[in-house]
Amino acid sequence: MTTPFLDDLSRAIAAAATQATGVVEPAVPLVPPTRPEHGDIASPVAMGVAKRAGRPPREVADDIAEALRRRDDLALIIDRVEVAGPGFLNFRLRPGWFGRVVRDIAAADREFGAGSAKPREAILLEFVSPNPTGPMHVGHARHAAYGDAVARLLDFVGHTVWRECYVNDYGRQMELFGASVAARYAELIGDVPHLPEDGYHGAYVAEIAAEIRTEVGDRFVGRVSPPDAKALGFFATAGGDRMLARTQSELETCRVRMDRYFSEATLHAEGHVVAGIDALRAAGLTYEDDGATWFRTSDFGDEKDRVLVRSDGATTYLAADVAYHLDKASRMGDRMIDILGADHHGYINRLKAVIAAAGYSTDVLEVLIMQLVSLIEQGEAKRMSKRAGTLVTLHELINDIGVDATRFFLVERSHDTAFELDLNLAREQSQENPVYYVQYAHARCCSILAKADQAGVGRAPDHAAPDELDPSERALVLRLSDWPDAVADAAARRAPHRLVAYLKDLARDLHAFYHRCRVVGESADVQAFRMELTVATRQVLALGLELLGVGAPERM
RNA sequence: GCGCCCGUAGCUCAGCUGGACAGAGCGACAGACUUCUAAUCUGUGGGUCGCAGGUUCGAAUCCUGCCGGGCGCGCCA
């Protein structure tokens with residue numbers, strides 16, 4: 001907790017610590033106390049400097065506290081400072097500090113906590129990246145919800161983010177998909193279907209085939225049973241286009257925006273794959289062996305070298321990724337971030353090798369690994385198998401629990417943790433669902449302000465702070481004051497789940513405040529202060545929910 | 001075998017750039033609506049932080065070794 005509202009206090013503690021021990025302490029941590037009787041804010045700084053000064057922590061803490069008490073300028077901030085435990089400095093803050101914080105937050109409006117990143121970077125973020133051979137499932141949904149939230153966070157703290165989705169529309173899987181669509185088309189026109197053995201069986205394949213037939217009619221009669229090469233190419237492309245369109249539409253429904261869908265096939269068609277291999281060859285990073293062309297990825301930490309061109313002349317998936325990452329490197333600005341599934345973690349060093357080969361520091365590529373998500377219903381794991389067709393699609397998930405719950409639940413846990421999403425809980429339209437808990441807090445703020453409006457109570461931004469504050473008011477203001485730090489931290493760590501945790505805490509503080517304190521109809525100072533507090537809380541809840549891509553309803 | 005991730009309350013998980021008796025939600029139990037929405041609040045119960053060492057004034061957090069689980073280690077994509 002390093003709220004900007006306590007910078008003065010932080011600096012004063014640092015100065016006092018140096019004065020007391022001679023030790024220079026650049027970073028003075030301020031932490032929320034674990035127990036209410038410890039005051040509003042605490043600092044363990046004395047323990048740290050005492051160690052380096054070779055003195056007992058409590059003694060050092062006493063010296064610092066005494067020095068702080070002698071500073072008149074702090075009287076506006078600190079009500080009381082005490083030394084406790086092994087050497088903690090516990091502060092109780094003045095009502096005036098709370099008043100100022102609330103005014104500043106309400107005045108900052110949507111800019112509160114924004115733009116704090118240093119330095120501000122231009123970042124190319126790649127996420128989701130599906131195969132256009134089938135519908136997106138829960139795994140894609142987690143990538144989408146997480147990636148989009150990270151993008152919003154990075155943008156909010158001041159970075160410039162370009163969102164990109166790589167489309168794997170090339171290779172054997174696309175051929176199989178094309179053949180599968182052609183087979184369903186053959187059925188529709190009364191021909192014998194030639195469904196490949198490891199082809200695609202889902203009902204959506206037939207849907208796609210029907211859509212294509214509506215467009216091209218019977219033009220392929222006699223050419224799909226079995227299909228000729230040209231027909232296969234047509235059905236692969238036409239089918240892939242339609243799957244991609246579905247993907248785009250579903251992501252839009254989920255409020256996930258992409259700046260570009262990047263086609264792998266175009267990399268091949270435009271010669272970038274070959275050019276990429278040539279570039280690596282020119283850099284001396286390839287060699288020929290057994291008729292294949294190898295990339296010396298082991299020079300960059302990979303377990304072994306990898307094939308770029310097979311002995312039959314075909315390029316590998318890696319070759320396309322080389323081309324793609326070279327292309328991204330030339331466009332990224334300062335940094336590129338890939339969000340990959342856990343099953344691709346072995347890819348990190350290969351991609352770093354590409355970046356290094358292109359002459360960049362490997363640090364400019366950040367790979368975030370997403371662990372698995374599974375579903376649980378009635379206390380039992382929902383079995384999901386692609387082959388059995390029991391995979392839960394993103395489409396079904398949204399129809400089941402809604403976009404807000406889907407997004408909220410999928411970013412509630414760290415991307416680094418495999419977790420189980422409880423469908424019963426997510427479906428719950430009532431009290432035990434954390435999504436509504438946070439949204440309800442926002443609606444409640446709106447409700448209070450609507451009531452004030454109705455009562456003809458206007459806002460008074462330059463009110464004086466009340467002399468006495470309820471503990472719930474103190475807790476709420478302290479929470480709000482921590483927002484800039486919380487959001488900066490979530491962005492820096494690429495950890496939107498921290499934002500979720502913050503919002504749940506904030507919602508809890510608001511609800512507690514609501515039950516203990518009335519806003520409308522109190523004395524002028526109290527009413528004015530609580531109005532501004534309500535405005536500030538509503539604002540931060542709205543900002544937070546927006547960063548998660550979750551709605552902030554005014555009424556529920 | 002090697003690499004990455006994970007083992008924290010009955011369940012799902014935070015906390016992990018070291019700080020006060022370890023947190024939340026759900027579930028269980030007991031209370032609170034004549035007042036700005038009870039989709040809320042208050043309280044109770046619940047834990048050898050996988051195990052064992054080490055570093056430290058202080059370890060869930062850092063180091064080492066085990067045990068257990070997930071994922072990966074193709075001239076597949």
Side-chain angles (χ1 to χ4, degrees), chain A residues 29 31 33-35 38 42-45 47-48 50-51 56-57 84-88 90 131 133 168 170-174 264 289-294 301-304 306-318 320-321 341-349 369-372 374 376 379 409 412-422 424-425 428-441 443-455 457 472 493 497-498 500-501 504-505 507-508 510-521 530 534 555-556:
Chain A
V31 298
T34 46
R35 309 182 65 173
H38 290 152
S43 179
V45 71
M47 278 99 88
K51 187 178 195 170
F88 281 94
N90 291 332
N131 299 320
T133 55
N168 300 128
Y170 182 88
R172 178 165 166 71
Q173 292 310 312
M174 279 308 285
E264 179 189 354
D289 191 33
D290 280 345
T293 303
W294 297 72
D302 201 358
E303 298 162 2
K304 49 173 287 195
R306 308 289 167 176
V307 171
L308 290 167
V309 185
R310 291 192 258 147
S311 51
D312 66 3
T315 54
T316 60
Y317 182 78
L318 174 62
D321 244 359
D343 55 344
H344 284 73
H345 75 259
Y347 233 67
I348 298 174
N349 286 326
I369 294 301
M370 181 75 74
Q371 297 296 327
L372 292 177
S374 45
I376 184 164
F409 273 78
E412 201 179 356
R413 311 305 181 192
S414 163
H415 69 94
D416 229 6
T417 301
F419 83 104
E420 297 185 327
L421 193 161
D422 186 335
N424 297 98
L425 179 59
E428 199 66 55
Q429 288 283 324
S430 64
Q431 34 203 39
E432 57 266 12
N433 193 327
V435 189
Y436 302 116
Y437 184 81
V438 176
Q439 290 184 320
Y440 186 58
R444 185 163 251 176
C445 290
C446 294
S447 175
I448 293 169
L449 295 170
K451 175 75 179 185
D453 194 43
Q454 200 177 23
V457 180
S472 68
R493 295 173 186 251
H497 76 279
R498 284 173 172 260
V500 177
K504 288 196 287 194
D505 287 340
R508 189 180 316 113
L510 182 277
H511 290 311
F513 162 72
Y514 175 87
H515 277 268
R516 289 180 58 93
C517 305
R518 283 195 64 79
V519 177
V520 182
R530 290 180 180 169
T534 305
R555 203 170 292 121
M556 289 173 77

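Residue numbers start from 1 in every chain, and the chains themselves are labelled A, B, ... in the order their sequence lines are given, proteins ahead of strands. Both backbone and side-chain heavy atoms feed into the values below; hydrogens, waters and symmetry mates do not.
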Where the side chain of [X] is defined as all heavy atoms beyond and including C-beta, which of [options] is the nearest nucleotide?
X: A/Asn90; options: B/rA77, B/rA20, B/rU40; value: B/rA20
X: A/Glu303; options: B/rC75, B/rG72, B/rU40; value: B/rG72
X: A/Ala42; options: B/rA20, B/rG19, B/rG74; value: B/rA20

Given the [atom1] atoms of [N] and [M], what is the spacing between them in whole Å?
N: B/rC76; M: B/rG69; atom1: C1'; value: 27 Å
N: B/rC5; M: B/rC63; atom1: P; value: 11 Å
N: B/rG3; M: B/rG43; atom1: P; value: 48 Å
N: B/rA9; M: B/rG25; atom1: C1'; value: 12 Å
N: B/rA59; M: B/rG50; atom1: P; value: 15 Å
N: B/rC11; M: B/rG27; atom1: C1'; value: 7 Å
N: B/rC67; M: B/rC51; atom1: P; value: 15 Å
N: B/rG65; M: B/rU55; atom1: C1'; value: 15 Å

Does [X] place a side-chain N or O at less than 4.0 Å from the phosphate oxygens OP1/OP2 of [N]?
X: A/Lys304; N: B/rC75; value: yes
X: A/Tyr514; N: B/rA38; value: yes
X: A/Arg444; N: B/rA38; value: yes
X: A/Tyr436; N: B/rA38; value: no
X: A/Arg310; N: B/rC76; value: yes

Under a cut-off of 3.5 Å for both distances of each Watson-Crick or G-U pair, what dot-bracket string does RNA chain B give, using [ ] for crossing pairs and | for inter-strand pairs?
(((((((..((((.....[...)))).(((((.......))))).....(((((..]....))))))))))))....

For the backbone of A/Ala292 and the side chain of A/Asp290, can you confirm whether one donor and one acceptor N or O come within less than 3.5 Å of each other?
no

Can you check the [X] [atom1] to [N] [atom2] distance for me, whole Å?
X: A/His345; N: B/rC71; atom1: NE2; atom2: C1'; value: 6 Å
X: A/Arg516; N: B/rC36; atom1: CZ; atom2: P; value: 19 Å
X: A/Asp302; N: B/rC73; atom1: CG; atom2: P; value: 11 Å
X: A/Arg518; N: B/rC41; atom1: CZ; atom2: C1'; value: 15 Å
X: A/Asp343; N: B/rG72; atom1: CG; atom2: C1'; value: 8 Å
X: A/Asp505; N: B/rG25; atom1: CG; atom2: C1'; value: 11 Å
X: A/Asn433; N: B/rG27; atom1: CG; atom2: C1'; value: 15 Å
X: A/Arg508; N: B/rA39; atom1: CZ; atom2: P; value: 18 Å

Tell me whether A/His344 and B/rG72 count as stacked here, given that the ring centres must be under 5.5 Å apart and the planes must differ by less than 30 degrees.
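Per 5.5 Å and 30° rule: no stacking.
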
Stacking between A/Phe88 and the base of B/rA20 (centre distance under 5.5 Å, interplanar angle under 30°)?
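A/Phe88 ring centre within cut-off of B/rA20 base, planes near parallel; stacks.
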
Drop me the distance from A/Leu308's CG to A/Thr293's OG1, to the nearest 0.5 angstrom.
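A/Leu308 atom CG to A/Thr293 atom OG1 measures 7.0 Å (nearest 0.5 Å).
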
Expected string for nucleotides 10-16 of chain B under the B/S/- scheme (protein heavy atoms, under 4.0 Å, primed atoms plus P, OP1, OP2 as sugar-phosphate) is --BSSSS

Select base, sugar-phosphate, or nothing to describe what [X] touches, counting heavy atoms under 4.0 Å on all strands.
X: A/Gly48; answer: base
X: A/Tyr347; answer: base
X: A/Ala443; answer: base

So A/Val500 and A/Phe409, do their side chains get closer than 4.5 Å, heavy atoms only?
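No, side chains not in contact.
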
Taking all non-hydrogen atoms of both residues into account, name the closest pair between A/Met174 and A/Thr133 and its distance.
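In this case the closest contact between A/Met174 and A/Thr133 is SD-CG2, 3.6 Å.
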
I would like to know whether A/Arg508 and A/Tyr437 meet side chain to side chain contact (heavy atoms under 4.5 Å, CB included); could you show each step before the answer?
CA-CA 8 Å; A/Arg508 189 180 316 113; A/Tyr437 184 81; 3.3 Å; yes

Stepwise side chain to side chain contact (heavy atoms under 4.5 Å, CB included) test for A/Arg413 and A/His497
CA-CA 5 Å; A/Arg413 311 305 181 192; A/His497 76 279; 5.6 Å; no

Using the purine O4'-C1'-N9-C4 or pyrimidine O4'-C1'-N1-C2 torsion, is B/rC16 syn (within 90° of 0) or anti?
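B/rC16: anti glycosidic orientation.
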
A/Tyr514/A/Arg444 under side chain to side chain contact (heavy atoms under 4.5 Å, CB included): CA gap, chis, key distance, verdict
CA-CA 9 Å; A/Tyr514 175 87; A/Arg444 185 163 251 176; 3.4 Å; yes

I would like to know whether A/Lys451 and A/Val520 meet side chain to side chain contact (heavy atoms under 4.5 Å, CB included); could you show each step before the answer?
CA-CA 7 Å; A/Lys451 175 75 179 185; A/Val520 182; 4.1 Å; yes

